[in-house]
Amino acid sequence: MYFHKYPIDANFDFVKQCKPGQWATLGPTRFRVRLTEFKDDVYRVRVESPRWPKAHSQAGLTPPPVRKKAGSGEARSRLSIDHGCGIRLVDHGGRVILQSQSRQTIGLCGDASVFMFQREACHQFYGMGEKSTGFEHSGRRTKFWNADVWADFHAAQYRDGAPDPMYVSIPYLIVKRGNTYVGLLLDNPHAAFMDTAASVSIAGQMTLKDKTSACFSLGAEQGQPDLYIIYGPSLAELTQKLQKLVGCTPLPPAWALGYHQCRWGYASAKDLDGLDAKFRDHKIPCDGLWLDIDYMDGYRVFTVSRKHFPNPKAALSRLRAHGRRVVPILDPGVKYERGYEVYEDGHRADIFCRNPQGREFIGLVWPGKTVFPDFSTREGRDWWTKQVARFAEAGIYGAWLDMNDPSTGYVDNMQMLFDKGRAPHEAFHNQYALGMAMASREGFEKAHPGQRPFLLSRSGSTGIGRYAALWTGDNFSNYHHLKNSIACSLNLALSGVPFNGPDIGGFGGDTTPELLTAWMKAGFLFPFCRNHSCVGTRQQEPWAFGPGVMKILRRYIRLRYVLRPYLYNLFVAQEERGEAILRPLFYDFADTKGLPLGKIQDQFMVGSAIMQAPLLEEGQTSREVALPGRGAWYSLMEGKWIKGNRRIKVMPEPGQTPVFLREGTIIPAASNQEGSNAFDGRRVVFHVLMNRSSRGVAETTYVFDDGETLAYQQGKRSRMQVRARVRQGRLEITTRLTEKGFGACEPTFVAYDAFTQIVVNGQQQRYFPFLSVCCRQFSLP
Ligand code: MIG
């Protein structure tokens with residue numbers, strides 16, 4: 001697979017005449033173009049042809065119901081295909097939102113296909129799933145082919161550059177046109193490509209304009225051309241529609257939203273007990289202790305080294321009693337070894353991938369020669385599910401799915417065939433991790449019925465978010481990676497994978513106290529928050545650099561726990577409505593001339609109420625911050641309200657980071673728990689972000705349940721509606737329990753201004769904790 005060679009339009013034949021639904025020929029290919037219109041302004045354009053008899057996609061997309069009468073009902077847009085095959089999307093005012101390249105809409109070249117669209121000067125591009133090449137994607141040419149980054153690139157590329165492709169393939173492109181957004185999702189698991197560039201460089205020496213007119217394109221090297229076109233119009237609506245199409249992320253257990261400690265090298269019960277004690281002694285909350293490959297017996301998947309774990313069950317329950325979950329790594333590669341029960345069982349069941357000669361395909365990974373379960377088939381997945389279930393029964397509630405790109409060491413994985421040798425590698429390469437995640441999730445559900453599993457995967461493709469969270473793979477301990485981690489997570493968040501995060505502190509290379517601190521400050525509210533590092537590098541646990549650094553790291557880890565109910569509620573909103581968790585500023589705020597937001601990638605929102613503007617450069621002591629929107633912001637760092645809709649300069653003290661709370665919001669929080677990681681949704685503190693001059697109503701619906709089981713699906717969940725407004729210097733708050741399945745809660749409130757009175761449900765509060773409480777919670781211990 002070439003990563004940096006692309007098809008060009010000159011080699012394609014373009015459909016010049018087509019009546020939707022009618023058969024025609026193009027060169028050697030018989031085809032027909034079909035258009036389906038769904039509700040909610042979702043459209044699907046696909047090309048059918050005997051060339052692509054079988055759709056291999058396992059994405060399992062769930063589009064809305066088909067729209068009965070074209071362009072009818074609540075449709076806010078209309079998509080048409082004319083007789084020359086031109087695609088045009090117009091909004092209800094007749095404004096053209098998206099238009100295909102004239103006479104070059106759908107192109108075919110052998111098995112490859114491409115869709116081309118006209119590009120306008122105002123277009124900006126986002127999404128593309130996991131890319132480390134930055135935030136806004138103009139001028140890019142990129143592939144979608146799951147890579148094993150450290151094996152497929154050389155060190156200079158992944159340490160200081162931007163390897164492309166990465167581990168995850170989601171061929172989804174967001175086209176931004178002012179404040180109108182359209183999404184293009186290619187439902188094709190084969191190697192895909194996108195092109196938003198106008199020129200090519202010849203051997204890095206010469207620039208060639210390769211197109212007669214401005215356009216952008218997306219296509220695939222094989223597989224049925226199948227394109228979903230989603231009209232937002234806002235980014236928030238677009239993202240929700242995309243989420244529903246690819247599947248929302250199921251609510252994780254609350255422990256998955258805590259802080260996680262990982263390192264390649266943690267291997268034994270002793271290591272984990274040691275970590276547990278350190279976290280307790282330092283009063284740093286932590287939910288997850290992770291085990292990398294060394295816990296296994298000779299890297300054999302589904303085994304545990306007796307030397308490292310004389311009594312695994314006892315170790316797990318001891319740690320569990322201390323509030324820690326253990327998350328072990330699972331690699332798909334099964335050691336190719338007679339007598340090893342997992343191999344023997346898989347061999348008997350004949351569920352391993354084959355090579356072109358029909359024998360089991362062999363790769364070279366940690367255990368030496370390895371074979372690979374075929375997750376493309378039901379039997380293969382069922383077999384894996386059975387292994388996972390057996391393994392999980394010991395008291396494991398989550399797993400870390402690594403090397404599922406799939407990584408086969410230096411063995412070319414193109415020889416790895418699926419479905420008993422009948423399906424080519426290309427059809428399932430990008431979906432390998434998806435199949436593994438599906439089967440793993442089922443395994444946990446079997447072992448622990450009624451519990452919510454937590455899976456973390458390195459690779460993935462469209463639909464992965466229904467089964468697993470993603471971490472963004474092997475990054476490096478440098479500022480370049482710190483900066484990139486924000487752009488990468490934001491784009492994943494907009495591409496249907498809200499639950500993601502980087503290795504905090506950096507995986508490869510030695511971190512520094514400054515970098516680790518900067519990364520924790522930037523990442524402590526990311527949906528997934530794990531400190532992980534590579535064997536052989538400097539230790540980077542929170543206490544590794546002495547008490548001064550530890551105190552700062554602890555402050556932000558604790559703050560994550562204080563805000564965990566808020567994060568948890570963002571995940572509830574994701575599961576129910578597909579709302580994004582991490583967001584760029586233009587998700588919640590209009591992009592304006594005065595304050596252009598389209599390229600801001602060093603600031604982000606966590607939900608609609610919290611904005612961060614971390615310092616991301618080495619030695620940086622100040623920065624500019626854009627405060628979007630009409631309302632004011634409460635600066636946590638300075639403890640004061642600041643007018644919005646402008647830019648300000650901030651100079652944080654060494655222990656601080658710029659965090660801003662948005663006027664007119666209500667943030668559910670936990671009471672300060674010091675080192676405790678207990679999750680109690682009933683003891684909630686509502687931070688009411690209003691000041692004496694605030695207008696309008698602040699409102700939130702706080703959802704709480706047991707935080708770990710599926711009982712909420714049977715109604716064991718409560719909702720409290722909270723509203724606040726300011727009248728003549730008084731803060732008036734009302735609460736209403738609208739669902740009671742999990743009982744009532746005992747709310748307390750924190751106000752953010754000196755009001756003359758605070759009235760809760762008509763009762764004047766004699767004591768109200770005004771800023772003192774939030775200062776205690778949010779300042780350095
Ligand atoms: O090739 O299991 O991305 O997080 O620590 C290295 C060892 C294999 C790659 C993962 C990394 C993990 C490491 N793994």
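Computed from a predicted structure; not experimentally measured. Note that ligands are numbered from 1 as they come in the structure, with each ligand's atoms numbered from 1 the same way. Hydrogens, waters and symmetry mates play no part in the numbers below; they use all other heavy atoms, side chains included.
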**Request:** Return the option from Asp402, Val149, Asp503 holding the heavy atom at the smallest distance from atom 8 (C) of ligand 1.
**Result:** Asp402
**Complete:** If we number the atoms of ligand 1 from 1 as shown, the ones under 4.0 Å from a heavy atom of Phe507 are 4 (O), 5 (O), 11 (C)
**Request:** Give the residue, atom name and distance (to 0.1 Å) of the protein heavy atom nearest atom 6 (C) of ligand 1.
**Result:** Trp366 CZ2, 3.4 Å
**Asked** So is Trp264 polar-close to ligand 1, meaning N/O to N/O under 3.5 Å?
**Response** no
**Message:** Tell me whether ligand 1 is touched by Trp150 - counting only heavy atoms on the residue side and a distance under 4.0 Å.
**Reply:** no
**Prompt:** Does any non-hydrogen side-chain atom of Tyr259 lie less than 4.5 Å from one of Pro285?
**Reply:** no
**Asked** Does any donor atom in the side chain of His480 or Asn478 lie under 3.5 Å from an acceptor atom in the other side chain?
**Response** no
**Prompt:** Side chain or backbone of Trp400 under 4.0 Å from ligand 1, or both, or neither, by non-hydrogen atoms?
**Reply:** side chain
**Request:** Answer with yes or no whether the side chains of Gln243 and Gln574 bring together a donor and an acceptor at under 3.5 Å.
**Result:** yes
**Item:** Nearest-contact summary for atom 4 (O) of ligand 1 - protein heavy atom, Å
**Value:** His532 NE2, 2.9 Å
**Nearest-contact summary for atom 7 (C) of ligand 1 - protein heavy atom, Å** = Asp292 OD1, 3.2 Å
**Nearest non-hydrogen protein atom, atom 3 (O) of ligand 1** = Asp474 OD1, 2.5 Å
**Prompt:** So, Glu708 and Arg452, do they make that salt bridge, N to O below 4.0 Å?
**Reply:** no
**Message:** Evaluate Trp471 for polar contact with ligand 1, using N/O atom pairs at a separation under 3.5 Å.
**Reply:** no
**Message:** Within the 4.0 Å heavy-atom shell around Arg458, which atoms of ligand 1 are there?
**Reply:** 3 (O), 9 (C), 10 (C)
**Asked** Which atoms of ligand 1 have any heavy atom of Ile329 under 4.0 Å away?
**Response** 2 (O)
**Prompt:** Do Thr512 and Arg538 have side-chain atoms, one donor and one acceptor, less than 3.5 Å apart?
**Reply:** no
**Message:** Under the salt bridge (Lys or Arg N to Asp or Glu O under 4.0 Å) test against Asp164, which residue among Arg141, Lys131, Lys143 passes?
**Reply:** Lys131
**Asked** Are Lys483 and Asp602 close enough for a salt bridge, meaning some N to O gap below 4.0 Å?
**Response** no
**Message:** Could you tell me if Asp419 and Thr377 have a donor-acceptor pair between their side chains, going purely by distance under 3.5 Å?
**Reply:** no
